[in-house]
Amino acid sequence: MPRPPLNSRALAKLSPLPRSFYSRDPRLVARGLLGKLLIRHVGPHSPSVGECGNRLILAGRIVETEAYLGAIDPGAHAYRGQTARNAVLFGPPGHAYVYFIYGNHYCTNVSCQPTENVGYVAGCVLLRALEPVCGIDEMSTLRGLTLPPNPKPSQLRQLTSGPGRLSQALAITRQHDNAKDFCSPASDLIIADDGSPAPSILATTRINVTRAPLDEWRFVIIGSPYVSGKKLS
DNA sequence: GAGATGATCTTA
DNA sequence: AAGATCATCTCC
């Protein structure tokens, strides 16, 4: 039985993943998020999307993530303890940690595993790439790109292949979205399961993490053309 | 297609 | 001074 198509109407009915999903080892959360949908509601009370209209949904399927283990992970922002920037990571799981990087870009994370019952605190998962699902035109506008009428995957991937790109495509900023609850049905930024089958996953080292270069805590959907960087072998 | 470089600014 | 990046340039 084919599932119904993922138009705005179908996406609007999906419920956010429960908080228990995020109350686990960040590596399990990072794997579990692959294939899930990141859904952004934009409207009169949401961040500006230019001339995109009043009420619409932007969504993408998560195809690439990275786990950050917090207090025991030298590559993690939380490694050196709580600061004004990373305070969200020391709060309850399932909340957005959005930070500004390299003077140009935002990166979007989900907090997880804030308790000490497995030996570390303040973990999170960085969302690194999406397969565009809904709101292609609006995402193009937000990214400042012009795509042809029937874009190929190689063109679509310009929208959301990379943490800075996907954040821009969904109008995610620290000002608007840091500390936002991914688990609240009232949230304009959620992650949901549409029942798609569990993907095949490849683990690699994390991108541009120099302080812990060997840990294979980056996860990608095998074969997806929407993963960031070069094509994998 | 691949590798190098500059932009730009927050954080420690 | 470095960084959980990206667009653009040059040269294969």
Side-chain angles (χ1 to χ4, degrees), chain A residues 22 25-27 29-31 33-34 38 60 62-90 93 95-113 120-130 132 139-147 151-179 182 191 202-220 225-233:
Chain A
Y22 303 101
D25 185 314
R27 290 164 293 195
V29 177
R31 286 176 172 275
L33 284 175
L34 294 179
L38 178 62
I62 299 168
V63 299
E64 177 181 350
T65 57
E66 280 176 358
Y68 289 84
L69 270 53
I72 65 162
D73 177 6
H77 287 174
Y79 182 64
R80 293 163 191 280
Q82 183 171 345
T83 65
R85 175 167 74 153
N86 67 20
V88 170
L89 299 178
F90 293 81
H95 289 254
Y97 170 47
V98 182
Y99 64 87
F100 191 56
I101 189 69
Y102 294 126
N104 283 302
H105 313 285
Y106 292 99
C107 291
T108 304
N109 300 250
V110 192
S111 65
C112 43
Q113 195 59 64
Y120 51 82
V121 297
C124 66
V125 172
L126 171 66
L127 305 180
R128 284 197 55 91
L130 310 175
M139 290 191 220
S140 302
T141 300
L142 285 158
R143 291 273 296 117
L145 299 175
T146 305
L147 295 186
K152 297 177 290 190
S154 62
Q155 299 169 309
L156 270 182
R157 73 188 296 288
Q158 297 303 312
L159 296 177
T160 50
S161 66
R165 289 171 172 182
L166 77 86
S167 297
Q168 186 178 33
L170 297 198
I172 296 170
T173 66
R174 180 173 175 90
Q175 292 73 18
H176 280 113
D177 301 300
N178 189 55
F182 275 106
I191 300 173
L202 174 68
T204 78
T205 56
R206 297 176 293 187
I207 304 295
N208 291 336
V209 176
T210 56
R211 294 192 166 274
L214 300 181
D215 299 305
E216 297 191 324
W217 295 340
R218 171 178 178 250
F219 305 98
V220 304
Y226 302 102
V227 166
S228 75
K230 306 180 260 196
K231 190 175 161 187
L232 317 152
S233 61

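Worth knowing before you read on, the calculation uses all heavy atoms, side chains too, and leaves out hydrogens, waters and symmetry mates. So that the names make sense, note that chain A is the first sequence line, chain B the second, and so on, each numbered from 1.
Proximity of Thr210(A) to the phosphate of dG3(C): a side-chain N or O atom is located under 4.0 Å from OP1 or OP2. Put simply, Thr83(A) has no side-chain N or O that comes within less than 4.0 Å of OP1 or OP2 on dT11(B). Taking only side-chain nitrogens and oxygens, Arg218(A) never comes nearer than 4.0 Å to OP1 or OP2 of dA4(C).
If you check every strand for non-hydrogen atoms under 4.0 Å, Arg85(A) touches sugar and phosphate atoms only. Among the atoms of the strands shown, base atoms are found under 4.0 Å from some heavy atom of Leu126(A). Arg143(A) comes within 4.0 angstrom of sugar-phosphate atoms only, judged by non-hydrogen atoms across all strands, and of no base.
The backbone N or O of Ser228(A) sits less than 3.5 Å from a side-chain atom of Glu64(A), completing a donor-acceptor pair. Arg174(A) places no side-chain N or O within 3.5 Å of a backbone atom of Phe100(A) that could act as its donor or acceptor partner.
Nearest nucleotide to the side chain of Arg80(A), out of dT10(B), dA12(B), dC6(C): dA12(B).
As the counterpart of dA4(C), no nucleotide is assigned, since no Watson-Crick or G-U wobble pattern has both distances under 3.5 Å.
With Tyr97(A) as the partner, the side-chain contact (heavy atoms from CB on, under 4.5 Å) test is satisfied by one option alone out of Leu89(A), Val110(A), Val125(A): Leu89(A). Each of Asn109(A), Val209(A), Thr65(A) was compared with Leu126(A) under the side-chain contact (heavy atoms from CB on, under 4.5 Å) criterion, and only Asn109(A) meets it.
Distance CD (Gln158(A)) to C1' (dC6(C)): 10 Å, rounded to an integer number of Å. Following rounding to the nearest Å, Gln168(A) (CD) and dC6(C) (C1') show an atom-to-atom distance of 10 Å. Rounded to an integer number of Å, the gap from CG of Asp73(A) to P of dA4(C) is 11 Å. What separates CG of Leu159(A) from P of dA7(C) is a distance of 10 Å, to the nearest Å. As a whole-Å value, the separation of Tyr106(A) OH from dC6(C) P is 14 Å. One can place CZ of Phe100(A) at 15 Å from C1' of dA2(C), the figure rounded to the nearest angstrom. Summarising the geometry, the separation between CZ on Arg206(A) and C1' on dT5(C) is reported as 16 Å, rounded to the nearest angstrom. Whole-Å rounding puts the Asn109(A) CG to dG3(C) P distance at 17 Å.
If you check distances only, the side chain of Asn104(A) does reach the base of dT8(B) with a donor-acceptor pair under 3.5 Å. Scanning atom types as modelled, one donor and one acceptor separated by under 3.5 angstrom connect the side chain of Tyr99(A) and the base of dA4(C).
Residues Gly164(A) and Arg211(A) each lie close to DNA chain C; by heavy-atom proximity, the contact nearer the 5' end of the strand is made by Arg211(A).
Ion pairing between a basic and an acidic side chain is recognised when a charged N comes within 4.0 Å of a carboxylate O; Asp215(A) and Arg27(A) show no such pairing.
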